[in-house]
Amino acid sequence: MGRVEPAILAQALRALLLVLCATLFAVPATAQQGPGFAKGSTCWTSGAQALRYAELAAHPAKWTCAGDTYDWKQPRHFVRLDLREKGIDANAVRYAEFDRHEFERLTVTLIGADGHTASRRYDFDEAWLGRSSLRSMVELPEFPGKVEAVLFTLDGGDWPESLAAAKLVARPSVPPTSGFVHLVAALICGLLLAPILFDLGYFRALREPFPLWHALFCSMAFVQTAAVSGLIPLLTPIGFEAELFITYMSLDVMVAATMLFASNFIEPEFITRRQRRMLVAIALLAILNGALTTFLPELFGEWIDHFYFGAYMLMLGAYFAVLWHARCAGSRMASYLIFGFAPFSSIIVLQFVGVFITDAIYAFDETWPQNFALLFEVVATALAVADRFIAIKRERDQAIDDARILEKLSERDELTGLRNRRSLDARFEELVANGFHTIAVLDIDHFKPINDLYGHPFGDDVLACAAAALQARDDDDIVAFRIGGEEFLLMLRGQDPGARAESRRRAITARTMSAMEGLDRPVTASMGVLDFSAVAGEPGLDFWTLYTRADQLLYDAKCAGRNRTRSDTLDWFVPEAAEGQSAAA
């Protein structure tokens, strides 16, 4: 074996050292080129405000890529979406959509395969509204190369998990200002407000409280739909906290109005006082539940949704129990309420299931199902209100008709059909005001012998026949009354009232002679007629004074031989009080 030259050996040793050095430096170089994120992974980490992505990219162990644990208390959050093997065209992605929560600043960074980046920053007000007020959208920055990952840097935000679930799309679901979904939301809002006009009309007609509660429900349904559909933040400059307050509390006030509407709407005979109090208690609980979870969320911590939806499940259970009991008792209105409130209640049940069972509450966007459920409920309850209005109006109309019939019966003489003494007392001033300024008092001559000879039934027939002769069906200027027994009274107006009264008196004889069989002598009547047109406008003019004078004329006619009329004109009138004062003087 030959001997190796020292120079050759030295060269070999130098080459070996170079290889060793190259090997040592090759590992860090590879680590810098790729931090080791798995393809298609979603990873996140949080830290101080000064933390930078460059400091974290080379340390994959500091990132969480599985589970649902987030450090909300940190001021800065990083969420990295790896686009490799995602099944999407990374270069065609232009927008990111995610759940809407308030933040101070959001930086969206596109990371290329070669390590190059492009970033764009957004304040909260600069993010677009998505398909509802629950969704936000941002436009990704321009990037000339191949995109490998999208990085979200969230400052001053408490919901990094919404970015982890962000959806990357080529086109936005709605335009940045307003789109078709907002037009549909505006249409639904208009339909929600329409029944309020009818409610106000119903309340004016019925004076019942349930139309007002229905109007409040429709108003809150309008506000709720406008809020969750993005119309309120789109059209008004209110802040996010005020927007959340309107969104949350309008829902709870709407539910409370629903309960109060039901407590006043269900027919009284089908709901007990205890059940009404239960509905009122549910309304108060809905307001309390919303106020506590809206203004004091720190009391509940991560259990806030469990408390909120758990309370609503209890309320819904009690509500439907009352309605079902009323329906089984025969309530027609309870069926409307069960049918109308069922779709909205099913949404609450789904949210309850998401919170307590599947823990998927944030994966369910209830905006549009809720919008249509509220529209369905408003239509169903509006039909119910109209139905109830018609029923109540029909009942009241029937009651008025019955009252009028009873009134007519109470003011009509049962035997003759003429108005009676009670009707005369009630209508005298009205008749005088309408120009009836002549009063005639009639009495059947020798009526007692008729009863004695022919019997009282025959006498009743004579009275009915006399009433038919006096009743002027073809003359609106004569009103006939039966005062009592065989005595009648006429009120007259127009030309020649005395002559027309005399004609009616004579008609009694002609009518009884033609209609009554078995009479051996004519039936006659005596009458006293008083014309008081000269004093009709005098204050203190009363029926009894006029009647007394007309009755005196009737007495004069009887004393003169009966079957005749005595007339007089009253030219002056002194009230009884004035007469008493004159006598005292």
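Just so you know, these numbers use all the heavy atoms, side chains as well, and skip hydrogens, waters and symmetry mates. This chain uses plain numbering: 1 for the first residue, then up along the sequence.
Between Ser250 and Met220, the closest heavy-atom pair is O-CB, 3.7 Å. Counting all heavy atoms, side chain and backbone alike, Glu97 lies closest to Arg171 at OE2-O, 4.5 Å. Among all heavy-atom pairs drawn from His214 and Pro195, the shortest one is CE1-CB, 4.1 Å.
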Phe261 vs Phe217, ring-ring contact (aromatic ring centres under 6.0 Å, His included): CA-CA, chis, key distance, verdict: CA-CA 8 Å; Phe261 167 65; Phe217 160 71; 7.4 Å; no
Pair Phe245-Phe295, ring-ring contact (aromatic ring centres under 6.0 Å, His included): steps then yes or no: CA-CA 9 Å; Phe245 167 76; Phe295 298 107; 5.4 Å; yes
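A donor-acceptor distance shorter than 3.5 angstrom exists from the side chain of Gln275 to the backbone of Thr272, with no hydrogens or angles considered. A donor-acceptor pair under 3.5 Å is formed between the side chain of Thr381 and the backbone N or O of Val378. Without hydrogens or angle criteria, Arg105 side chain to Arg121 main chain gives no donor-acceptor distance under 3.5 Å. Remark: the backbone N or O of Gly157 is not paired with any side-chain donor or acceptor of His101 at under 3.5 angstrom. A side-chain donor-acceptor contact under 3.5 Å links Ser346 to the backbone of Pro343. Judged by distance alone, with hydrogens and angles left aside, the side-chain atoms of Glu208 form no donor-acceptor pair with the main-chain N or O of Phe203 at under 3.5 Å.
A parallel orientation is assigned to the rings of Trp44 and Tyr70, their planes being inclined by less than 30° (bins at 30° and 60°). Between Tyr95 and Trp128, the ring planes are tilted. Angles from 30° to 60° get that label. The aromatic rings of Phe210 and Phe265 sit perpendicular to each other, their planes meeting at more than 60°, with 30° as the lower class boundary.
With sequence neighbours left out, Lys167 forms a side-chain hydrogen bond (donor to acceptor under 3.5 Å, both in side chains) with no residue at all. Thr225 is linked by a side-chain hydrogen bond (donor to acceptor under 3.5 Å, both in side chains) to nothing, counting only residues two or more places apart in sequence or in another chain.
By the 4.5 Å heavy-atom criterion applied to side chains, Phe152 and Val108 are counted as neighbours. Within the 4.5 Å cutoff, the side chain of Asp199 has no heavy atoms near those of the Trp213 side chain.
Distance check, rounded to the nearest 0.5 Å: CG of Leu314 to CZ of Phe309 gives 13.5 Å.
Phe300 and Phe307 have their aromatic ring centers within a separation under 6.0 angstrom. Between Phe376 and Phe372, the distance from one ring center to the other does not fall under 6.0 angstrom.
The pair Arg135-Asp99 meets the salt-bridge criterion, since a charged nitrogen lies less than 4.0 angstrom from a carboxylate oxygen. A salt bridge links Arg120 with Glu139: the closest approach of a Lys/Arg side-chain nitrogen to an acidic carboxylate oxygen falls below 4.0 angstrom.
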